[in-house]
Amino acid sequence: MQKSKIFFLVGPTATGKSETAVYLAKKLKAEIVSCDSMQVYKKMDIITSAPSRQIIKKVRHHLLGIIPPEKEYDVSRYRRQAAKKIKEIIHRNKTPLFVGGTGLYMSILIDGIFKAKAQDESLRRRLYQQAQRLGSNYLHKRLNRFDPLAAKKIHPHDTRRIVRALEVFETTGKPISQLQKERKGLGNNYEIKIFCLNMPRDKLYQRIKERIEKMFKQGLLDEVKKLLRLKLSRTAHQAIGIKELKGYFTGQYDLAEAKRLMKHNTCLYAKRQLTWFRKDKRIKWIEAKQQDTPKAIATRIFSKI
RNA sequence: GCCGGGGUAGCUCAGUGGUAGAGCGGCGGCCUGAAAAGCCGCGCGGGGGGGGUCCGAUUCCCUCCCCCGGCA
């Protein structure tokens, strides 16, 4: 029996994935599934540049605005929900088209994740306190005794990963480096095709800056003001723009500085996204040229399928 | 035209007679339950042009060009 196909359209932020995806979805008879760690949140449409209503009207979209911003979200939840969407979409005789910029989410979906218990909050808190008191190097040395392989891979300053590795060891009794080898994703069950949209760096940064200006025109300040009244979850709080505008609202700097910070941090983010995607050799790269419309790009992608 | 200050990394600037640094920016990488996060690495330079002194000049001297301030 032939494997069903799943498509991914990924790429750094502000390359025009959402617009392109609509045209591509039409050609592929696809439904779009978001692959974005921030657009899962409600009430964050402007700050996350979520696809507009007009776009959503044209093609069915999934996993957008499904979580209240007070709630945490993570990869494993994403994986579960996305896997379910794949089944449903294929059942409807449609093709899943994943669109977004969160490389880890894509990777976990395709390549899998090891089974572990949900994070242990109190244990984590304890470990972070120790890290603060004794330094991340101390925890790293401890990790080195239980799981030298993981310790070798994780930098002694990378507190977050050291804590996770220790947490996994304490809750499962197994070294994370061993568990990480046990991953099973969807990659084997489906025919996967990944396209990454890209453009020259200076043009990309220019578009990012323009997009952020546009966000302000759309009412970003108002949206963020409302968000800051809520008790934002740790994960939702990470969206670029929250801490930058908080600094403005609390009078630490002016609006121009807040904008500058947002633009800068978004450019750095785009660079990190590219690093992630570059590593994945399955990806077919699509270079957007100066005059390319989303429709033209979609046509080009379709011709390569 | 005269006097003074300056021309060193993409930007703002240090420094030294012996193959140039810092901050900002930029670039590269890592990533398995926080990933729009977290972490790591890399000066990325024909020292404004030309000539001279010297074993050796970015640093000293001469000259030209450009910028800033003052006087005309």
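Within every chain, numbering begins at 1; the chains are lettered A, B, ... in the order of the sequence lines, protein sequences first and strands thereafter.
Of all the heavy atoms in A:Thr95 and A:Ile89, the pair that sits closest is C-CG2, 3.7 Å. A:Ala165 and A:Ile176 make their closest contact through CB-CG2, 3.7 Å (heavy atoms, listed as atom of the first residue, atom of the second, distance).
A heavy atom closer than 4.0 Å to some atom of RNA chain B occurs in A:His264, these being the qualifying members of residues 253-267 of chain A. Using a 4.0 Å cut-off on heavy atoms, the residues of residues 124-143 of chain A that approach RNA chain B are A:Arg124, A:Tyr128, listed by number. Against RNA chain B, the stretch residues 61-73 of chain A makes heavy-atom approaches under 4.0 Å through A:Tyr73. Contacts between residues 205-222 of chain A and RNA chain B, defined by a heavy-atom separation below 4.0 Å, involve A:Tyr205, listed by number.
As rounded to the nearest Å, B:rG18 and B:rA57 have C1' atoms that lie 9 Å from one another. Spacing between B:rG23 and B:rA14 at atom P, rounded to whole Å, works out to 16 Å. Rounded to whole Å, the C1' atom of B:rG17 lies 15 Å from the corresponding atom of B:rG52. For the C1' atom pair drawn from B:rA22 and B:rG43, the interatomic distance equals 11 Å after rounding to whole Å. B:rC13 sits 24 Å from B:rG70 when the C1' atoms are compared, rounded to a whole Å. For the C1' atoms, the distance from B:rC24 to B:rA9 is 12 Å, rounded to whole Å. B:rA20 and B:rU58: their P atoms are spaced 10 Å apart (whole Å). B:rU19 sits 14 Å from B:rU59 when the C1' atoms are compared, rounded to a whole Å.
Applying the ring pair (Phe, Tyr, Trp, His ring centres under 6.0 Å) test to A:Phe195 and every residue at least two apart in sequence or in another chain returns nothing. Residues satisfying the salt bridge (charged side-chain N to carboxylate O under 4.0 Å, His left out) criterion with A:Arg272, sequence neighbours excluded, are absent altogether. Residues meeting the salt bridge (charged side-chain N to carboxylate O under 4.0 Å, His left out) test with A:Asp74, sequence neighbours left out: A:Arg77. A:Asp254 pairs by the salt bridge (charged side-chain N to carboxylate O under 4.0 Å, His left out) definition with nothing, not counting sequence neighbours. Legend: residues meeting ring pair (Phe, Tyr, Trp, His ring centres under 6.0 Å) with A:Phe7, ordered by chain and number and at least two apart, are absent. In this view, A:Arg79 satisfies the salt bridge (charged side-chain N to carboxylate O under 4.0 Å, His left out) rule with no residue, not counting sequence neighbours.
Phosphate contact (OP1/OP2 of B:rU32, side-chain N/O of A:Gln180, threshold under 4.0 Å): present. Contact between the side-chain N/O atoms of A:Arg164 and the OP1/OP2 oxygens of B:rU32 is not found at any separation under 4.0 Å. Side-chain nitrogen and oxygen atoms of A:Lys279 include at least one within less than 4.0 Å of the OP1 or OP2 phosphate oxygen of B:rC31. Within the 4.0 Å cut-off from OP1 or OP2 of B:rA35, at least one side-chain nitrogen or oxygen of A:Tyr105 is found.
A:Ile242 comes within 4.0 angstrom of nothing in the nucleic acid, heavy atoms only.
In the displayed structure, A:Lys203 atom NZ is contacted under 6.0 Å by more than 12 heavy atoms of other residues, nucleotides or ligands. More than 12 heavy atoms of other residues, nucleotides or ligands lie within 6.0 Å of CD in A:Glu121, so this atom counts as buried by the packing criterion. Heavy atoms of other residues, nucleotides or ligands lying less than 6.0 angstrom from NZ of A:Lys71 number 12 at most. Annotation for A:Lys193: atom NZ counts as buried by contact number, over 12 foreign heavy atoms lying within 6.0 Å.
Put simply, CE on A:Met106 and SG on A:Cys196 are 8.0 Å apart, with the number rounded to the nearest 0.5 Å.
Across all strands shown, nothing is found opposite B:rU53 as a Watson-Crick or G-U wobble partner with both distances under 3.5 Å. Pairing for B:rG28 goes to B:rC40, judged as Watson-Crick or G-U wobble with the two contacts each under 3.5 Å. Across every strand in view, B:rC71 sits in a pair with B:rG1 that passes the Watson-Crick or G-U test at under 3.5 angstrom. Of the nucleotides present, B:rC11 is the one that pairs with B:rG23 by Watson-Crick or G-U wobble criteria, both distances under 3.5 Å. The partner of B:rU16 is absent, by the rule that a Watson-Crick or G-U pair needs both atom distances under 3.5 Å.
Between A:Leu268 atom CG and B:rC24 atom C1' the separation is 12 Å, expressed in whole Å. One atom, OH of A:Tyr78, and another, P of B:rA35, lie 13 Å apart when rounded to the nearest Å. In this entry the distance linking CD of A:Glu121 with P of B:rG33 reads 14 Å, nearest Å. Note: CG (A:Leu123) to C1' (B:rG33) measures 14 Å, nearest angstrom. Summarising the geometry, the separation between CG on A:Leu274 and C1' on B:rC30 is reported as 15 Å, rounded to the nearest angstrom. One atom, OH of A:Tyr269, and another, P of B:rA34, lie 17 Å apart when rounded to the nearest Å. Regarding A:Arg201, its CZ atom lies at a distance of 10 Å from the P atom of B:rG26, rounded to whole Å. Rounded to whole Å, atom C1' of B:rG10 lies 13 Å from atom CG of A:Asp202.
Residues A:Gln178 and A:Phe169 are not in side-chain contact: their nearest non-hydrogen atoms beyond the backbone lie 4.5 Å or more apart. Within the 4.5 Å cutoff, the side chain of A:Glu31 has no heavy atoms near those of the A:Glu88 side chain. Within the 4.5 Å cutoff, side-chain heavy atoms of A:Glu213 are placed close to those of A:Lys259.
In this structure, A:Phe98 and A:Phe8 have parallel ring planes: the angle between them is below the 30° cut-off, well short of the 60° mark.
The ring-ring contact (aromatic ring centres under 6.0 Å, His included) analysis of residues 222-275 of chain A, with sequence neighbours excluded, yields no pairs.
Minimum atom distance to the side chain of A:Val75 is reached by B:rG33, of the listed B:rC27, B:rG33, B:rU32.
Screening A:Ile32, A:Val33, A:Ile56 for a side chain to side chain contact (heavy atoms under 4.5 Å, CB included) involving A:Leu64 leaves a single residue, A:Ile56.
Mapping A:Lys153 and A:Arg234 onto RNA chain B by nearest heavy atom places A:Lys153 at the nucleotide closer to the 5' end.
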Show me the protein contacts with nucleotides 38-41 of chain B, counting only N or O atoms at under 3.5 Å.
from: B:rG38; atom 1: O2'; to: A:Asp158; atom 2: OD1; distance (Å): 3.3
from: B:rG38; atom 1: N2; to: A:Arg161; atom 2: NH1; distance (Å): 2.9
from: B:rG38; atom 1: N3; to: A:Arg161; atom 2: NH1; distance (Å): 3.1
from: B:rC40; atom 1: OP1; to: A:His157; atom 2: ND1; distance (Å): 3.0

